[in-house]
Undergrad: 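Just dropping this structure here.
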Amino acid sequence: NAGVMQNPRHLVRRRGQEARLRCSPMKGHSHVYWYRQLPEEGLKFMVYLQKENIIDESGMPKERFSAEFPKEGPSILRIQQVVRGDSAAYFCASSPTARVGGGYNEQFFGPGTRLTVL
Amino acid sequence: AQSVTQLGSHVSVSEGALVLLRCNYSSSVPPYLFWYVQYPNQGLQLLLKYTTGATLVKGINGFEAEFKKSETSFHLTKPSAHMSDAAEYFCAVNQNNTNAGKSTFGDGTTLTVKP
(Lines give C-alpha, C1' and ligand atoms only; values in the text may rest on other atoms or scores of the structure.)
Protein backbone atom coordinates (compact mmCIF):
# COMPACT_ATOMS: atom_id res chain seq x y z
CA ASN A 1 0.00 0.00 0.00
CA ALA A 2 1.65 3.17 -1.20
CA GLY A 3 1.82 6.05 1.21
CA VAL A 4 0.51 9.54 0.66
CA MET A 5 1.87 10.86 -2.62
CA GLN A 6 2.55 14.49 -3.33
CA ASN A 7 3.75 16.03 -6.53
CA PRO A 8 5.69 17.83 -7.54
CA ARG A 9 8.23 17.52 -4.75
CA HIS A 10 9.78 20.84 -5.69
CA LEU A 11 8.07 23.67 -7.51
CA VAL A 12 9.55 26.98 -8.58
CA ARG A 13 7.29 29.82 -9.64
CA ARG A 14 7.79 33.48 -10.41
CA ARG A 15 5.71 36.08 -8.66
CA GLY A 16 2.25 36.30 -10.18
CA GLN A 17 2.17 32.75 -11.53
CA GLU A 18 -0.10 29.98 -10.33
CA ALA A 19 1.00 26.99 -8.29
CA ARG A 20 -0.86 23.69 -8.27
CA LEU A 21 0.04 21.13 -5.65
CA ARG A 22 -1.32 17.61 -5.84
CA CYS A 23 -1.96 15.07 -3.13
CA SER A 24 -3.02 11.48 -3.61
CA PRO A 25 -4.16 10.02 -0.28
CA MET A 26 -3.44 6.51 0.82
CA LYS A 27 -5.71 3.88 -0.67
CA GLY A 28 -8.97 3.73 1.24
CA HIS A 29 -8.50 7.16 2.82
CA SER A 30 -11.28 9.66 2.21
CA HIS A 31 -10.04 12.52 4.40
CA VAL A 32 -7.30 14.92 3.34
CA TYR A 33 -5.61 17.71 5.28
CA TRP A 34 -3.26 20.39 3.97
CA TYR A 35 -0.64 22.03 6.17
CA ARG A 36 1.93 24.72 5.45
CA GLN A 37 5.37 24.87 7.01
CA LEU A 38 7.21 28.15 6.78
CA PRO A 39 10.98 28.12 7.32
CA GLU A 40 11.93 27.57 10.97
CA GLU A 41 8.30 27.05 11.95
CA GLY A 42 5.94 24.20 12.68
CA LEU A 43 3.12 23.04 10.50
CA LYS A 44 0.06 25.24 10.30
CA PHE A 45 -3.30 23.78 9.39
CA MET A 46 -4.85 25.12 6.21
CA VAL A 47 -7.81 23.01 5.13
CA TYR A 48 -9.56 19.71 5.76
CA LEU A 49 -11.47 18.03 2.96
CA GLN A 50 -13.48 14.94 2.34
CA LYS A 51 -14.43 13.77 -1.12
CA GLU A 52 -16.17 16.69 -2.86
CA ASN A 53 -16.55 18.61 0.42
CA ILE A 54 -14.56 21.21 2.30
CA ILE A 55 -15.04 20.46 5.99
CA ASP A 56 -12.83 23.08 7.59
CA GLU A 57 -10.95 25.85 5.79
CA SER A 58 -10.30 28.01 8.81
CA GLY A 59 -6.55 28.05 8.18
CA MET A 60 -6.73 28.96 4.54
CA PRO A 61 -5.93 32.54 3.47
CA LYS A 62 -9.08 34.16 2.16
CA GLU A 63 -7.57 35.25 -1.10
CA ARG A 64 -5.60 33.44 -3.80
CA PHE A 65 -5.77 30.01 -2.12
CA SER A 66 -8.27 27.28 -2.92
CA ALA A 67 -8.47 23.53 -2.41
CA GLU A 68 -10.53 20.72 -3.78
CA PHE A 69 -10.82 16.99 -3.42
CA PRO A 70 -12.90 15.70 -6.33
CA LYS A 71 -14.73 12.42 -6.46
CA GLU A 72 -12.03 11.09 -8.76
CA GLY A 73 -8.41 12.06 -8.69
CA PRO A 74 -6.07 13.75 -6.26
CA SER A 75 -6.68 16.66 -3.96
CA ILE A 76 -5.42 19.95 -5.38
CA LEU A 77 -4.16 22.97 -3.49
CA ARG A 78 -4.12 25.93 -5.81
CA ILE A 79 -2.34 29.20 -5.18
CA GLN A 80 -3.02 31.99 -7.62
CA GLN A 81 -0.73 34.96 -8.23
CA VAL A 82 1.97 33.63 -5.93
CA VAL A 83 4.06 36.01 -3.85
CA ARG A 84 7.43 35.47 -2.15
CA GLY A 85 5.69 34.91 1.17
CA ASP A 86 4.06 31.79 -0.24
CA SER A 87 7.45 30.07 -0.33
CA ALA A 88 7.10 27.16 2.07
CA ALA A 89 6.74 23.43 2.33
CA TYR A 90 3.18 22.24 1.84
CA PHE A 91 2.27 18.93 3.40
CA CYS A 92 -0.72 16.79 2.77
CA ALA A 93 -2.00 14.17 5.20
CA SER A 94 -4.75 11.62 4.86
CA SER A 95 -6.79 9.44 7.18
CA PRO A 96 -9.49 6.83 6.62
CA THR A 97 -11.90 8.91 8.69
CA ALA A 98 -11.41 11.63 11.26
CA ARG A 99 -13.03 9.66 14.00
CA VAL A 100 -14.34 6.14 14.27
CA GLY A 101 -16.49 5.10 17.21
CA GLY A 102 -14.96 7.59 19.58
CA GLY A 103 -11.44 6.69 18.61
CA TYR A 104 -8.98 8.55 16.49
CA ASN A 105 -7.53 7.65 13.15
CA GLU A 106 -3.94 8.62 12.54
CA GLN A 107 -3.07 11.12 9.86
CA PHE A 108 -0.40 9.89 7.47
CA PHE A 109 1.79 12.57 5.97
CA GLY A 110 3.17 12.88 2.48
CA PRO A 111 6.74 14.00 1.73
CA GLY A 112 5.64 17.54 0.98
CA THR A 113 5.95 19.97 -1.89
CA ARG A 114 8.54 22.66 -1.48
CA LEU A 115 7.39 25.80 -3.23
CA THR A 116 9.90 28.50 -4.06
CA VAL A 117 8.66 31.81 -5.39
CA LEU A 118 11.28 33.88 -7.17
CA ALA B 1 -9.31 26.06 21.05
CA GLN B 2 -6.05 24.17 21.24
CA SER B 3 -2.39 25.13 21.25
CA VAL B 4 1.01 23.56 21.72
CA THR B 5 4.17 25.01 23.19
CA GLN B 6 7.51 23.32 22.74
CA LEU B 7 10.05 24.69 25.17
CA GLY B 8 13.46 25.03 23.60
CA SER B 9 13.75 25.36 19.85
CA HIS B 10 17.17 23.67 19.94
CA VAL B 11 18.35 20.88 22.20
CA SER B 12 21.85 19.43 22.06
CA VAL B 13 22.88 16.21 23.78
CA SER B 14 25.85 13.90 23.67
CA GLU B 15 25.54 10.47 22.15
CA GLY B 16 24.34 8.09 24.86
CA ALA B 17 22.82 10.85 26.99
CA LEU B 18 19.18 11.24 27.95
CA VAL B 19 16.96 13.04 25.50
CA LEU B 20 14.17 15.21 26.91
CA LEU B 21 12.02 17.31 24.61
CA ARG B 22 9.32 19.33 26.29
CA CYS B 23 5.76 19.85 25.15
CA ASN B 24 2.90 21.60 26.89
CA TYR B 25 -0.55 21.80 25.41
CA SER B 26 -3.77 23.68 25.87
CA SER B 27 -7.07 22.12 24.98
CA SER B 28 -10.64 22.82 26.01
CA VAL B 29 -11.51 19.13 25.72
CA PRO B 30 -9.55 15.93 26.39
CA PRO B 31 -6.75 15.89 23.85
CA TYR B 32 -5.15 13.44 21.55
CA LEU B 33 -1.39 14.08 21.59
CA PHE B 34 1.33 13.18 19.12
CA TRP B 35 5.04 13.41 18.56
CA TYR B 36 6.41 13.45 15.03
CA VAL B 37 9.95 13.41 13.72
CA GLN B 38 11.05 15.18 10.56
CA TYR B 39 14.37 14.56 8.86
CA PRO B 40 15.72 17.21 6.48
CA ASN B 41 13.64 17.68 3.36
CA GLN B 42 11.28 14.89 4.33
CA GLY B 43 7.75 14.56 5.60
CA LEU B 44 6.63 13.81 9.13
CA GLN B 45 6.84 10.40 10.68
CA LEU B 46 4.72 9.52 13.69
CA LEU B 47 6.82 8.56 16.71
CA LEU B 48 4.00 7.92 19.15
CA LYS B 49 0.53 9.04 20.14
CA TYR B 50 -1.67 9.26 23.19
CA THR B 51 -5.40 8.83 22.72
CA THR B 52 -6.83 7.10 25.79
CA GLY B 53 -5.72 4.59 28.39
CA ALA B 54 -2.19 4.24 29.68
CA THR B 55 -0.53 7.61 30.14
CA LEU B 56 2.97 6.33 29.40
CA VAL B 57 3.20 5.76 25.69
CA LYS B 58 6.00 3.91 23.97
CA GLY B 59 6.88 4.70 20.39
CA ILE B 60 9.35 3.77 17.72
CA ASN B 61 13.13 4.10 17.94
CA GLY B 62 13.13 3.82 21.73
CA PHE B 63 11.18 7.01 22.39
CA GLU B 64 8.42 7.33 24.94
CA ALA B 65 6.22 10.10 26.31
CA GLU B 66 4.05 10.53 29.35
CA PHE B 67 0.72 12.31 29.36
CA LYS B 68 0.37 14.35 32.54
CA LYS B 69 -3.03 15.96 32.68
CA SER B 70 -2.30 17.95 35.84
CA GLU B 71 0.72 19.55 34.16
CA THR B 72 -0.82 19.67 30.66
CA SER B 73 2.42 18.14 29.43
CA PHE B 74 3.48 15.42 27.03
CA HIS B 75 7.27 15.42 27.18
CA LEU B 76 9.24 13.11 24.89
CA THR B 77 12.16 11.12 26.27
CA LYS B 78 14.73 8.59 25.19
CA PRO B 79 17.20 7.08 27.67
CA SER B 80 20.19 7.06 25.33
CA ALA B 81 20.61 9.30 22.29
CA HIS B 82 21.91 7.94 19.03
CA MET B 83 23.45 9.96 16.23
CA SER B 84 20.56 8.96 13.98
CA ASP B 85 18.13 10.73 16.35
CA ALA B 86 19.32 14.12 15.10
CA ALA B 87 16.24 15.64 13.50
CA GLU B 88 13.41 18.05 14.16
CA TYR B 89 10.65 16.94 16.49
CA PHE B 90 7.11 18.24 16.56
CA CYS B 91 4.48 17.87 19.23
CA ALA B 92 0.86 18.08 18.07
CA VAL B 93 -2.60 18.07 19.62
CA ASN B 94 -5.91 17.07 18.17
CA GLN B 95 -9.14 17.64 19.99
CA ASN B 96 -11.07 14.65 21.23
CA ASN B 97 -14.47 15.81 20.10
CA THR B 98 -16.80 15.49 17.16
CA ASN B 99 -14.95 18.21 15.28
CA ALA B 100 -11.68 16.36 15.40
CA GLY B 101 -9.71 16.55 12.21
CA LYS B 102 -7.05 19.19 12.10
CA SER B 103 -3.97 18.95 14.24
CA THR B 104 -2.25 21.89 15.90
CA PHE B 105 1.54 21.69 15.91
CA GLY B 106 4.22 23.23 18.05
CA ASP B 107 7.03 25.14 16.40
CA GLY B 108 9.39 22.22 16.68
CA THR B 109 12.58 21.34 18.53
CA THR B 110 15.77 20.63 16.64
CA LEU B 111 17.73 17.85 18.31
CA THR B 112 21.48 17.78 17.77
CA VAL B 113 23.47 14.76 18.92
CA LYS B 114 27.16 15.27 19.53
CA PRO B 115 29.60 12.37 19.20
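Below, chain A is the first sequence line, B the second, and so on; all start at residue 1.
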Undergrad: Working to the nearest 0.5 angstrom, can you tell me the gap between Asp107(B) CG and Leu7(B) CG?
TA: 11.0 Å
Undergrad: Is there a side-chain contact between Phe45(A) and Asp56(A) (heavy atoms, below 4.5 Å)?
TA: yes
Undergrad: How long is the span from the CZ atom in Arg20(A) to the CD atom in Gln80(A), to the nearest 0.5 Å?
TA: 8.5 Å
Undergrad: Against Glu68(A), only a single residue in Ile76(A), Ile54(A), Asn53(A) fulfils side-chain contact (heavy atoms from CB on, under 4.5 Å); can you say which?
TA: Ile76(A)
Undergrad: Which answer fits Gln38(B), side chain, backbone, both or neither, if we ask what part of it has an atom under 4.5 Å from a heavy atom of chain A?
TA: side chain
Undergrad: Is there a donor-acceptor pair closer than 3.5 Å between any side-chain N or O of Asn24(B) and the backbone N or O of Thr72(B)?
TA: yes
Undergrad: Honestly curious: do Ile55(A) and Met60(A) fall in one hydrophobic cluster under the side-chain, below-4.5 Å linking rule?
TA: no
Undergrad: Would the distance check show the side chain of Lys58(B) and the main-chain N or O of Glu64(B) forming a donor-acceptor pair, the cut-off being under 3.5 Å?
TA: no
Undergrad: Measure distances from Gln6(A) to the heavy atoms of chain B and classify the residue's part below 4.5 Å as side chain, backbone, both or neither.
TA: neither
Undergrad: Tabulate, in ascending numerical order, the residues of residues 76-85 of chain B having at least one heavy atom closer than 4.5 Å to a heavy atom of chain A, or enter 'none'.
TA: none
Undergrad: Quick check on Phe108(A) against chain B: is it the side chain, the backbone, both or neither that has a heavy atom closer than 4.5 Å?
TA: neither
